[in-house]
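Worksheet for the structure shown next.
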Amino acid sequence: MTLEPTRTYAHIYNVVRQIPSGQVATYGQVAHAAGLPGQARQVGYALHALLEADTPWHRVINAKGTISPRAEPEQEQRQRELLEREGVVFDAQGRVDLKTYRWDVPLPDVC
DNA sequence: AACATGACCATTA
DNA sequence: GTAATGGCCATGT
(Lines give C-alpha, C1' and ligand atoms only; values in the text may rest on other atoms or scores of the structure.)
Protein backbone atom coordinates (compact mmCIF):
# COMPACT_ATOMS: atom_id res chain seq x y z
CA MET A 1 0.00 0.00 0.00
CA THR A 2 0.92 3.57 -0.17
CA LEU A 3 3.57 4.52 2.27
CA GLU A 4 2.28 7.87 3.44
CA PRO A 5 0.49 9.94 0.86
CA THR A 6 -2.37 10.36 3.28
CA ARG A 7 -1.19 8.68 6.39
CA THR A 8 -3.90 10.35 8.36
CA TYR A 9 -6.64 8.48 6.57
CA ALA A 10 -4.90 5.14 6.76
CA HIS A 11 -4.25 5.46 10.47
CA ILE A 12 -7.73 6.71 11.20
CA TYR A 13 -9.44 3.91 9.32
CA ASN A 14 -7.12 1.43 10.90
CA VAL A 15 -8.06 2.58 14.38
CA VAL A 16 -11.77 2.78 13.65
CA ARG A 17 -11.76 -0.77 12.42
CA GLN A 18 -10.31 -1.83 15.74
CA ILE A 19 -13.24 -0.54 17.73
CA PRO A 20 -15.04 -3.60 19.08
CA SER A 21 -18.77 -4.01 18.77
CA GLY A 22 -20.80 -2.60 21.62
CA GLN A 23 -18.25 0.10 22.31
CA VAL A 24 -17.74 3.62 21.07
CA ALA A 25 -14.83 6.02 20.69
CA THR A 26 -14.67 9.77 20.43
CA TYR A 27 -13.11 11.56 17.51
CA GLY A 28 -10.36 12.87 19.71
CA GLN A 29 -9.72 9.44 21.09
CA VAL A 30 -9.44 7.94 17.63
CA ALA A 31 -7.18 10.76 16.56
CA HIS A 32 -4.97 10.23 19.52
CA ALA A 33 -4.91 6.47 19.04
CA ALA A 34 -4.03 7.02 15.41
CA GLY A 35 -1.07 9.10 16.45
CA LEU A 36 -2.73 12.38 15.59
CA PRO A 37 -3.30 14.16 18.90
CA GLY A 38 -5.43 17.23 18.54
CA GLN A 39 -6.45 16.42 15.00
CA ALA A 40 -9.89 15.18 15.90
CA ARG A 41 -11.24 17.29 13.07
CA GLN A 42 -9.39 15.28 10.51
CA VAL A 43 -10.95 12.16 11.92
CA GLY A 44 -14.41 13.51 11.33
CA TYR A 45 -13.36 14.68 7.92
CA ALA A 46 -11.92 11.31 7.05
CA LEU A 47 -15.08 9.56 8.16
CA HIS A 48 -17.17 11.93 6.13
CA ALA A 49 -15.18 11.05 3.07
CA LEU A 50 -15.38 7.40 4.00
CA LEU A 51 -16.67 5.16 1.28
CA GLU A 52 -15.81 1.71 2.57
CA ALA A 53 -18.52 -0.21 4.37
CA ASP A 54 -16.01 -2.30 6.25
CA THR A 55 -15.24 0.59 8.55
CA PRO A 56 -17.50 0.87 11.62
CA TRP A 57 -17.78 4.65 11.43
CA HIS A 58 -20.95 4.50 13.47
CA ARG A 59 -18.88 3.63 16.54
CA VAL A 60 -17.23 7.02 16.45
CA ILE A 61 -19.02 9.85 18.23
CA ASN A 62 -18.08 13.26 19.56
CA ALA A 63 -16.68 14.03 23.01
CA LYS A 64 -20.09 14.99 24.36
CA GLY A 65 -21.23 11.42 23.88
CA THR A 66 -23.73 12.48 21.27
CA ILE A 67 -23.91 11.92 17.55
CA SER A 68 -22.55 14.90 15.70
CA PRO A 69 -25.11 16.76 13.65
CA ARG A 70 -24.73 15.70 10.08
CA ALA A 71 -26.10 17.27 6.93
CA GLU A 72 -28.33 14.26 6.41
CA PRO A 73 -30.43 13.36 9.48
CA GLU A 74 -30.88 9.90 8.07
CA GLN A 75 -27.26 9.03 8.59
CA GLU A 76 -27.42 10.40 12.09
CA GLN A 77 -30.38 8.21 12.94
CA ARG A 78 -28.77 5.25 11.26
CA GLN A 79 -25.71 5.65 13.44
CA ARG A 80 -27.83 5.59 16.55
CA GLU A 81 -29.73 2.61 15.26
CA LEU A 82 -26.58 0.68 14.53
CA LEU A 83 -25.20 1.43 17.97
CA GLU A 84 -28.40 0.42 19.74
CA ARG A 85 -28.34 -2.72 17.69
CA GLU A 86 -24.93 -3.49 19.18
CA GLY A 87 -26.20 -3.01 22.70
CA VAL A 88 -25.31 0.64 23.20
CA VAL A 89 -28.02 2.49 25.08
CA PHE A 90 -28.87 6.14 24.63
CA ASP A 91 -30.34 8.21 27.43
CA ALA A 92 -33.26 10.61 27.21
CA GLN A 93 -30.88 13.30 26.05
CA GLY A 94 -29.70 11.12 23.18
CA ARG A 95 -26.33 10.74 24.76
CA VAL A 96 -24.21 7.65 25.27
CA ASP A 97 -22.63 6.96 28.62
CA LEU A 98 -19.01 7.26 27.57
CA LYS A 99 -18.05 6.22 31.05
CA THR A 100 -19.53 2.82 30.25
CA TYR A 101 -19.14 2.32 26.52
CA ARG A 102 -15.92 4.18 25.84
CA TRP A 103 -13.46 1.94 24.02
CA ASP A 104 -10.21 1.43 25.91
CA VAL A 105 -7.29 1.74 23.57
CA PRO A 106 -5.24 -1.47 23.76
CA LEU A 107 -1.97 0.06 22.67
CA PRO A 108 -0.81 3.40 21.29
CA ASP A 109 0.52 1.76 18.19
CA VAL A 110 -0.92 -1.49 16.93
CA CYS A 111 -0.05 -2.85 13.58
C1' DA B 1 -0.71 29.60 -4.07
C1' DA B 2 -4.53 31.61 -1.05
C1' DC B 3 -9.20 31.38 1.02
C1' DA B 4 -13.02 29.14 3.02
C1' DT B 5 -15.13 24.97 4.99
C1' DG B 6 -15.62 21.13 8.15
C1' DA B 7 -19.23 14.10 11.17
C1' DC B 8 -14.09 18.26 16.49
C1' DC B 9 -11.67 19.17 21.24
C1' DA B 10 -9.81 21.47 25.31
C1' DT B 11 -9.61 25.47 27.93
C1' DT B 12 -11.41 29.55 30.00
C1' DA B 13 -15.01 32.71 31.79
C1' DG C 1 -24.63 23.69 33.91
C1' DT C 2 -23.79 26.96 29.24
C1' DA C 3 -21.10 30.19 25.96
C1' DA C 4 -17.24 31.79 23.59
C1' DT C 5 -12.20 31.30 21.74
C1' DG C 6 -8.21 29.17 19.79
C1' DG C 7 -6.08 25.42 17.48
C1' DC C 8 -5.40 21.69 14.36
C1' DC C 9 -4.99 20.32 9.27
C1' DA C 10 -6.86 17.94 4.83
C1' DT C 11 -10.02 19.04 0.86
C1' DG C 12 -12.15 21.75 -2.74
C1' DT C 13 -12.57 26.00 -5.41
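Sequence lines set the chain letters: A, B, ... in the order given, protein chains first and strands last, and positions in each chain run from 1.
- Ring-plane geometry between H48(A) and Y45(A) is classed as tilted, the angle between the planes lying from 30 to 60 degrees on a 0 to 90 degree scale.
- The nearest whole Å value for the distance from the CZ atom in R78(A) to the P atom in dA7(B) is 17 Å.
- In this structure, Y13(A) atom OH and dA7(B) atom P are separated by 14 Å, rounded to whole Å.
- Side chain of W57(A), nearest nucleotide from dG7(C), dC9(B), dA7(B): dA7(B).
- Nearest to the side-chain atoms of Y27(A) among the listed nucleotides dG6(B), dC9(C), dA7(B) stands dA7(B).
- Taking atom NZ on K64(A) and atom C1' on dT11(B), their separation rounds to 14 Å, with Å as the unit.
- In this structure, L50(A) places its CG atom 14 Å from P of dT11(C), rounding to the nearest Å.
- The side chain of Y45(A) lies closest to dT5(B) when the candidates are dG7(C), dT5(B), dA7(B).
- What separates CZ of R102(A) from P of dC9(B) is a distance of 10 Å, to the nearest Å.
- Hydrophobic clustering (side-chain heavy atoms under 4.5 Å, transitive across Ile, Leu, Val, Met, Phe, Trp, Tyr) keeps I61(A) apart from L82(A).
- Using a 4.0 Å heavy-atom distance criterion, P37(A) is classed as making no nucleic acid contact.
- Checked for salt-bridge contact, R78(A) and E74(A) miss the test: no charged N lies under 4.0 Å from a carboxylate O.
- When rounded to the nearest whole Å, the span between CZ of R41(A) and P of dA7(B) equals 9 Å.
- Placement of L98(A) and V88(A) within a single hydrophobic cluster is found when ILVMFWY residues are connected by side-chain heavy-atom separations under 4.5 Å, directly or transitively.
- Taking both residues in full, the closest heavy atoms of Q79(A) and V60(A) are given as NE2-O, 2.8 Å, listed atom of the first, atom of the second, then distance.
- Between Y9(A) and dT11(C), a side-chain N or O to OP1/OP2 separation shorter than 4.0 Å is present.
- At a threshold of 4.0 angstrom between heavy atoms, the contacts of Q42(A) include nucleobase atoms, whether or not backbone atoms are also involved.
- Atom CG of N62(A) is separated from atom P of dA10(B) by 11 Å (rounded to the nearest Å).
- Of the candidate nucleotides dC9(B), dA7(B), dC9(C), dC9(B) has the atom lying nearest to any side-chain atom of A40(A).
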